[in-house]
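Any value given below was found using the heavy atoms of this structure, including those in side chains, with hydrogens, waters and symmetry copies removed.
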Amino acid sequence: MTYPISFRRKVLSVREKENLSIAQVAKRFCVGIASVTRWIKTPAPKITRNKPATKIDMEKLAQDVKNYPDAYQYERAKRLGVSKQGINHALKRLGVTYKKKPASPQSQRRRAAYLPAKN
């Protein structure tokens, strides 16, 4: 949970006005000591990670989705040499959706991946 910037500033101003320690102000406002320490360094909340994916080549992943639309994520991870969680996050960034194949019987139904059309 992210605390609003106004609350953060209030905590820091009370700390300065009343000359309280970090532990005292944390206890008074029912927040963690680490949170107050972090707010002293940078009071504004972090918005995003601001770091691109480094290991997964998005073009190769998009091509893999086109070549193997029925592949499971662990199969894609093995082909690209990355983790399953990395594939999951990269597919979300690409906007890949999974659709059930209606042509196959329900007991043998697999999911197929679809890339969104580029506008």
| task | Take Val65 and Leu91, measure what side chain to side chain contact (heavy atoms under 4.5 Å, CB included) needs, and give me the verdict at the end. | result | CA-CA 9 Å; Val65 170; Leu91 289 172; 3.8 Å; yes
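Following chains of ILVMFWY side-chain contacts shorter than 4.5 Å, one cannot reach Tyr68 starting from Ile56, and the two form parts of different hydrophobic clusters.
Between Ile5 and Ala44, the shortest heavy-atom distance links the atoms CD1-CA, 3.5 Å.
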Exercise answer: donor-acceptor pairs, residues 34-41 side-chain atoms, under 3.5 Å, sequence neighbours excluded:
{"unit_1": "Thr37", "atom_1": "OG1", "unit_2": "Ile33", "atom_2": "O", "d": "2.9"}

Side chains of residues 78-88: which donor-acceptor pairs under 3.5 Å do they make with residues two or more places apart or in other chains?
{"unit_1": "Arg79", "atom_1": "NE", "unit_2": "Asp64", "atom_2": "OD1", "d": "2.7"}
{"unit_1": "Arg79", "atom_1": "NH2", "unit_2": "Asp64", "atom_2": "OD2", "d": "3.3"}
{"unit_1": "Ser83", "atom_1": "OG", "unit_2": "Gly86", "atom_2": "N", "d": "3.0"}

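At distances below 3.5 Å, not a single donor-acceptor pair connects side-chain atoms of Arg9 with backbone N or O atoms of Pro43.
The side-chain heavy atoms of Phe7 and Val31, taken from C-beta on, include a pair separated by under 4.5 Å.
The salt bridge (Lys or Arg N to Asp or Glu O under 4.0 Å) contacts involving residues 10-24 comprise Glu18-Arg28, where partners must be two or more places apart or lie in separate chains.
Contacts of Asn67 classified as side chain to side chain donor-acceptor pair (under 3.5 Å), with partners at least two apart in sequence or in another chain: Gln63. Considering only residues two or more places apart in sequence or on other chains, Tyr74 meets the ring pair (Phe, Tyr, Trp, His ring centres under 6.0 Å) condition with Tyr72.
Taking CG from Leu20 and NZ from Lys27, the interatomic distance works out to 12.5 Å, rounded to the nearest 0.5 Å.
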